[in-house]
Structure formats: structure tokens, C-alpha cells
Amino acid sequence: QPLPVESRPFAPYGSVLSIGLPRGPSAGQRLTLEIDYEAGEGPGVCWLAPEQTAGKQKPYMYTQGQAVLNRSFFPCFDTPSVKFTYSATVTVPEGFTAVMSATSWEKQKDNTFVFKMSQPIPSYLIALAVGDIVSADVGPRSRVWAEPCLIEAAKKEYDGVIEEFLTVGEKLFGPYVWGRYDILFMPPSFPFGGMENPCLTFVTPCLLAGDRSLVDVIIHEISHSWFGNLVTNATWGEFWLNEGFTMYAQRRISTEVYGSAYTCLEAATGRALLRQHMDNTGEDHPLNKLRVVIEPAFSVSLGVNPDDTYNETPYEKGYCFVSYLAHLVGDQNKFDAFLQAYVNRFKFQSITADDTLGFFLEYFPELKEKGVESIPGFEFDRWLNTPGWPPYLPDLSPGEQLMKPADELAELWAADTLNMEAIEAVDITAWRTYQLVYFLDQVLQRSPLPEGNVERLSKMYPKISKAQNAELRLRWCQIVLKNNLEAEYSKVKDFLHSQGKQKYTLPLYRAMWGGSEAARALAMETFSATAPQLHVNVQNYVKKILGLEGAE
Ligand code: BES
Ligand code: ZN
């Protein structure tokens with residue numbers, strides 16, 4: 001029977017759909033509610049024109065749910081505290097393929113695809129993409145999906161490497177419950193490095209570096225299979241439960257596969273990002289706490305939009321807190337066993353940090369007895385509720401052998417008179433991407449360099465200044481801007497035209513806006529040319545940086 005429907009305001013990022021039931025349901029009663037709706041202009045569903053794809057031939061559509069965008073895709077209890085299974089029947093035009101974050105998938109006639117997710121998940125993990133996409137196997141339970149023009153590169157990048165990450169993950173954290181682990185390479189404007197949609201991670205095409213150097217993103221998204229997708233933060237105010245534990249799990253898998261030297265180097269670049277973030281926002285910024293207060297509000301000054309909590313604090317300060325818990329335990333094997341017990345205890349549930357820390361103290365009664373939650377300066381409460389730099393930093397010295405040469409080289413390049421003999425004695429041709437990234441972060445920190453140094457550095461290392469690798473391009477563009485090297489502004493422009501990842505886009509606009517007149521002009525020119533290609537959230541964040549109207 002038809003029911004009365006009403007829409008009421010709730011927050012700038014969504015409204016309440018209120019449906020009147022004929023009589024209150026009784027406990028245990030099952031209701032079937034059919035809602036006929038059309039997805040509109042909301043931010044959760046992205047419609048791309050052919051020019052915005054890699055192949056430039058056919059249109060594309062995809063959804064991005066996290067944090068609170070799926071409410072514009074379908075009516076739902078759009079909170080991570082509610083989990084449910086789903087199924088979907090999707091009909092697309094001839095010549096298109098639909099994929100979803102689902103445990104089973106079947107193509108029927110008339111371009112209709114039927115999907116089923118048989119494990120309970122929160123609303124933000126439902127995802128759909130439709131386009132001219134094809135697939136190729138890269139492992140016993142994994143394939144890559146991409147537009148036809150990218151599929152070969154995609155297969156080459158990850159053929160034969162995914163299974164090892166899954167196996168190591170299972171050994172450390174328990175069974176992988178999602179069946180398949182597939183990867184979809186998105187169009188260039190996809191705003192994230194990766195999004196852990198269950199069974200089917202969505203990733204930026206920037207990962208196609210040709211040398212597997214950016215595989216840490218894949219390990220990160222795989223780690224969400226346990227932390228985030230199985231054990232989920234109950235509110236976005238405790239987003240660090242998803243991301244901090246995932247960073248820790250990512251680095252555990254990386255240590256097993258690549259060793260501690262490489263993993264500590266990668267973690268050091270993460271720490272540099274946290275430093276930059278806290279310098280930008282001020283350590284005392286309320287978002288620099290692990291537990292953030294989120295309240296729906298109609299003006300920006302009150303309450304926080306859950307999407308605004310996407311910054312380095314939940315990731316890297318969260319990582320430090322989990323590392324601190326491991327440090328309290330003092331034995332990696334025991335802590336690994338705890339993580340596995342934690343996943344097993346809370347799988348398919350949504351929990352708060354109090355649940356996590358309560359379970360930790362219950363699992364290690366001797367630590368509880370010692371009162372580890374209230375050691376002065378390191379109180380659990382302080383970790384959660386005080387903004388600022390983490391009180392404990394894990395030891396990254398196993399990475400020294402890789403970091404030290406990069407530190408020393410950066411120091412040489414920062415000198416007033418360059419010691420070219422010493423510089424030329426350092427051979428960077430064999431350095432791994434993250435060693436170069438670390439070196440560039442050190443150069444950036446010392447920038448602006450004395451007059452003329454960056455030009456010479458650029459000429460000396462075309463491997464860096466002409467790099468195609470996105471992580472290197474980001475750092476090089478940051479150095480160009482910080483040193484006001486106008487001769488290479490075109491590289492900033494080209495990079496921002498080539499992709500739309502939020503973590504690449506915003507730092508560059510911030511640097512341009514904080515720079516010279518010419519840099520500001522570059523920002524305006526680049527934004528007016530690329531805005532229509534950017535995800536609407538990213539567009540709004542850039543507008544805010546540039547002081548343009550329309551910014552929330
Ligand atoms: N779940 C996040 C992406 C995300 C966060 C989307 C918040 C929307 C709102 C994903 O797992 C992630 O953290 N991706 C990182 C990967 C990196 C930390 C290795 C990214 O996109 O950069
Ligand atoms: Zn993540």
C-alpha cells in the first residue's frame with residue numbers, strides 16, 4: 001500500500017527521508033518497503049563524459065560512497081553503524097559493463113547484471129561502476145578491470161603479486177571472507193589513491209607506474225578487508241579505527257613481504273606527510289585529534305562534515321597509537337595474535353574506540369593491572385582527545401640505511417655553494433621510488449634552496465624532474481612552487497590536468513595560492529580549465545583554498 005513520504009532538512013550533506021508506516025511494527029516482524037526514486041545531481045554518483053575517460057570514446061559512471069555520499073545514490077541508513085547485505089539488478093546500454101562491490105556477479109541477457117553481497121556491510125561500501133571496461137586475471141582469486149586501452153598495463157603492473165598480499169594478510173589477521181579480491185582502475189579524475197570497496201577495490205590509474213612501485217596502496221586497501229570492512233568504525237568521528245589500524249596492518253604485510261628497511265622508509269614518508277599536515281593546519285586544530293566531534297549542522301562554523309576528517313591525522317597519528325599499543329605489549333607475535341583475536345571478536349560489527357581499548361586491556365590483563373591506560377603523557381584519553389603531534393613515534397631506524405644517503409644528498413643540495421664533487425659521487429640511478437620520494441621531501445623541507453640550486457638539481461636528475469611516477473611528480477611540483485621556479489610551472493599544470501586525486505590536487509593549490517602572483521595566476525588558470533573534470537568534493541575544497549564563492 002502507498003505510504004506518506006516526507007523529506008526534511010538534516011545537514012548540508014543530506015536530508016531526512018521520512019516514511020510513515022500504517023502501524024508500528026512489532027518486534028521481529030519483517031517489513032518490505034519499496035522506494036521508487038531517481039538519483040539526481042548528488043555528489044555520490046559521478047557521470048563522466050567520454051573526454052573524461054582514458055579511452056575518450058564512451059561515457060562512464062561510478063559511485064563513491066565514503067564517507068556520507070551514498071545517500072545521494074540510494075535511500076539508506078547512511079551511517080557506518082548499520083550493516084546489511086544487498087543485491088542489485090543493473091541494466092546498462094549495449095557495449096557497457098557494470099561492476100559492483102559484491103560477492104557474486106552474473107551477466108544475464110539484455111545487458112543486465114545481477115549482483116549479490118552476501119556479507120553484511122555498511123552503506124558506504126556499496127559501489128557501482130559502468131563503462132567500457134574489460135578484465136584480465138592476475139591471480140587465483142583476483143583480476144584487474146580497466147578500460148581496454150589500459151588493460152594490458154594494468155595486468156602487467158599486478159600480475160602474480162596480489163595473491164601473496166592476501167595470503168600474508170590471512171596469516172596475520174585471519175580468513176579473507178570476501179571471496180574475490182579484484183581491482184578496478186578508474187578514470188583519471190577519481191579522487192582517491194584507492195577505495196576499499198569489498199571484493200573490488202577502486203584505484204587511481206596513477207598506480208600504473210610500470211614498476212609496481214606504488215603497490216603500497218593495494219596493500220593498504222587489502223588491509224581494509226579486516227580493518228574497516230570487517231571491523232568498522234561505528235561513527236566517522238572515530239575514522240582512525242579504520243585508517244590507523246589499516247596503516248598498521250599495511251605495514252605489517254609490507255614488512256613480511258619487503259622487509260623492515262623498506263617498510264620503515266615508506267613509514268617515514270608517511271610521517272613527513274603528518275608533519276606537513278600539522279604545520280599547515282596548526283597542531284592544535286580540532287581535527288588533529290583521533291576522536292573528532294561530528295554534529296549535523298547547517299552552517300560550517302558548527303559541527304564537522306564527516307568528509308572533512310579525511311586528512312593525515314587518522315592515518316598517521318592513528319598508526320602511531322596502534323604502534324604504541326604494540327610497544328606496550330613488547331612482543332610482535334603477541335600483538336599479531338591480539339589483532340587476529342580483535343578481528344574475530346568484532347567481525348561484522350561496528351565499534352567505538354572504547355570497545356577496541358576495552359578489548360585490548362581485557363586481552364592483556366597484566367597491562368590492565370599495570371594501569372597502562374593512564375601513564376602520564378601517554379594516557380589513552382590523551383591519545384584520543386588531545387590534538388597535536390603523537391606522544392609516541394615508532395622506531396623507524398631499520399630504514400636508516402635507505403634514508404641516510406637521501407638525507408645527506410638533500411643536505412648537499414641545500415648548501416650555499418654546491419659541492420658538485422660530493423653530489424656527483426652519489427649515484428641515485430638505483431634508488432627505489434620511495435627513496436627518491438624521501439629525498440624530495442627532505443629537499444622540500446629545506447626549500448627555498450639558495451638561488452640556482454633547484455635549476456641545477458633539475459638538470460642533473462631528469463629521472464626526477466621528468467618523472468612519470470605520480471608520487472615523484474607531486475613532490476617535484478611542490479619543489480617547483482616552493483622555489484618559485486617559473487620555468488617549470490608547466491609541469492604543475494600538466495600534472496593537474498592529467499589526474500584529479502585529492503591528496504595531489506589540494507597541496508598543489510595550497511602551494512600556488514601561498515606563492516607569488518604568477519603562482520596564483522597559475523592556480524586560477526589551471527582550476528578554470530580543470531574544474532569540470534574534478535570530483536565535486538575536490539572542486540569545493542579547491543574553491544575554498546582559492547577563496548571562490550560556492551565553497552561550503
Ligand atoms: N578509505 C580510504 C579512502 C577514503 C577516505 C575515501 C575517506 C573517502 C573518505 C582509502 O582506504 C585510503 O585511505 N586511500 C589512500 C591510500 C593510502 C593511504 C595508501 C589514498 O587514497 O591515498
Ligand atoms: Zn584507507
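Quick caveat, the model's predicted, so the values are computed rather than measured. Start at 1 and go down the list; that is how both ligands and their atoms are numbered.
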(message) For atom 13 (O) of ligand 1, what's the nearest protein heavy-atom neighbour? Residue, atom name and distance, please.
(response) Tyr315 OH, 2.5 Å
(request) Select the closest option to atom 10 (C) of ligand 1 among Gly65, Pro306, Gly194, judged by heavy-atom distance. (result) Gly194
(message) Please name the atom of Glu243, limited to N, O or S, that comes nearest to the Zn ion (ligand 2).
(response) OE1
(request) May I ask you to identify the nearest protein heavy atom to atom 22 (O) of ligand 1, giving residue, atom name and distance to one decimal place in Å? (result) Lys503 NZ, 3.2 Å
(request) Mind checking whether Gln66 contacts ligand 1 via backbone (N, CA, C, O), side chain (CB onward), both or neither, at a 4.0 Å heavy-atom cut-off? (result) both
(request) Return the option from Gln64, His220, Glu312, Glu316 holding the heavy atom at the smallest distance from atom 17 (C) of ligand 1. (result) His220
(message) Within the structure, is a non-hydrogen atom of Phe239 found at a distance of less than 4.0 Å from ligand 1?
(response) yes
(message) For the residue pair Arg291 and Trp383, would you count it as a cation-pi contact if the rule is NZ or CZ under 6.0 angstrom from the ring centre and within 45 degrees of the ring axis?
(response) no
(message) Is it true that Glu312 and His277 share a donor-acceptor pair across their side chains at a distance under 3.5 Å?
(response) no
(request) Could you tell me whether Arg251 sits above the aromatic face of Tyr319, with NZ or CZ closer than 6.0 angstrom to the six-membered ring centre and within 45 degrees of the axis? (result) yes
(request) Flag Glu221 as yes when one of its N or O atoms lies below 3.5 Å from any N or O atom of ligand 1, and as no otherwise. (result) yes
(message) Would Gln502 count as a contact residue for ligand 1, given that I'm defining contact as a non-hydrogen atom of the residue lying under 4.0 Å from a ligand atom?
(response) no
(message) the Zn ion (ligand 2) and Glu221: any N/O/S contact shorter than 2.8 Å?
(response) no
(request) Using the ring of Phe185 (Phe, Tyr or Trp, six-membered ring only), decide whether Lys155 places NZ or CZ under 6.0 Å from its centre and within 45 degrees of its axis. (result) no
(message) Both conditions, 6.0 Å and 45 degrees, for the charged tip of Arg212 above the ring of Tyr158: are they met here?
(response) no
(message) Among Tyr310, Phe192, Phe190, which one puts a heavy atom closest to atom 6 (C) of ligand 1?
(response) Phe192
(message) Quick test of your reading of the structure: of Glu266, Glu196, Met195, whose heavy atom lies closest to atom 1 (N) of ligand 1?
(response) Glu196
(request) May I ask you to identify the nearest protein heavy atom to atom 21 (O) of ligand 1, giving residue, atom name and distance to one decimal place in Å? (result) Gly193 N, 2.6 Å
(message) Would you say Glu471 and Tyr504 are linked by a side-chain donor-acceptor pair, where the criterion is simply a distance under 3.5 Å?
(response) yes
